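Both ligands and their constituent atoms are indexed starting at 1 by order of listing. In this text, all values refer to a predicted model and were calculated from it rather than measured experimentally.
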Amino acid sequence: MIDSHAHLTSPQILSEVDAVVMRAKEAGVEKIINICTDEVSLEEGLKLQERCPGIFNTAATTPHDVEEEGESFFPIVKASVEKLVAIGETGLDYFYEHSPKEKQKAFLAHYFELAIQSGLPIIFHCRDAFEDLFALADEQYKDRKAVLHCFTGTKEEAKKCLDRGWMVSFSGIITFKKSSYFEEIIQYVPLDRIFIETDSPYLAPQKRRGKQNEPSFIGEVVEKIAEWKGVSFQEVEKTTTKNISQFFALL
Ligand SMILES: [Zn+2]
């Protein structure tokens with residue numbers, strides 16, 4: 001399996017990251033996409049990649065933090081771009097709106113430009129902001145590779161992602177007790193357009209609730225997708241591994 005989205009070098013995981021990676025391997029997670037959101041997590045992510053085969057890095061300031069850190073981190077991301085497999089997570093979050101909407105849009109535009117220049121795909125974070133995300137992407141990032149991470153939108157929004165050629169990624173949220181909402185969406189999105197992710201250290205799946213999430217827990221997400229799609233665990237594992245490997249051009 002591949003965990004397409006984990007914050008391995010976030011402060012919550014960093015002190016035990018080698019053990020976390022080891023447990024992931026034991027659980028059958030051969031590769032992990034590590035999402036770096038600031039200078040320290042990127043620096044540590046690049047070191048981790050050196051010593052652990054199967055770890056790949058992405059970088060961007062999240063929409064939450066662009067006001068405080070967007071300006072200072074952008075040149076660092078740009079300078080490291082050759083070592084990355086994607087730009088992200090970037091996007092819009094109007095649910096929390098920790099940074100002003102205009103700032104979020106401005107940085108999204110910077111990251112569109114960087115992704116186009118570097119030829120890397122984008123990882124989107126989007127909450128309560130699909131209308132603006134689709135409009136901006138249609139203007140500035142048309143017909144290019146992207147994945148909508150930790151999808152929590154509607155079926156119509158999933159359709160609009162698919163129409164744009166984007167991949168749709170599901171996290172442990174789909175395993176929560178009140179998650180029946182996702183059944184219809186998962187049945188709707190074709191398996192060859194689906195990614196799996198943990199978003200560690202956040203969003204531990206149902207059977208591990210209350211614990212800090214980590215990539216070794218990803219099997220529960222695979223199980224849920226297999227159940228709702230009426231296919232085997234192995235088929236979900238095989239297809240998502242292929243989807244994620246191709247998207248990030250993993251070796
Ligand atoms: Zn994330």
TODO: Output yes if His5 passes the N/O/S-under-2.8 Å test against the Zn ion (ligand 1); output no otherwise.
DONE: yes
TODO: Following the transitive rule for hydrophobic clusters with a side-chain heavy-atom cut-off under 4.5 Å over Ile, Leu, Val, Met, Phe, Trp and Tyr, establish whether Ile116 and Phe74 coincide in one cluster.
DONE: yes
TODO: Report the name of the N/O/S atom of Glu89 located nearest to the Zn ion (ligand 1).
DONE: OE2
Task: Cation-pi check, Lys145 onto Phe247 ring (under 6.0 Å, within 45° of axis) - done: yes
TODO: For ring pair (Phe, Tyr, Trp, His ring centres under 6.0 Å), just list the numbers for Tyr141 and Trp166, CA-CA rounded to whole Å, side-chain angles, deciding distance to a tenth of an Å, and then say yes or no.
DONE: CA-CA 11 Å; Tyr141 194 71; Trp166 301 351; 7.8 Å; no
- [ ] Could you tell me which N, O or S atom of Asp199 is nearest to the Zn ion (ligand 1)?
- [x] OD1
TODO: List the steps and the verdict of salt bridge (charged side-chain N to carboxylate O under 4.0 Å, His left out) for Lys159 and Glu156.
DONE: CA-CA 5 Å; Lys159 179 182 187 299; Glu156 289 65 37; over 6 Å; no
Task: Backbone or side-chain N/O/S of His7 under 2.8 Å of the Zn ion (ligand 1) - done: yes
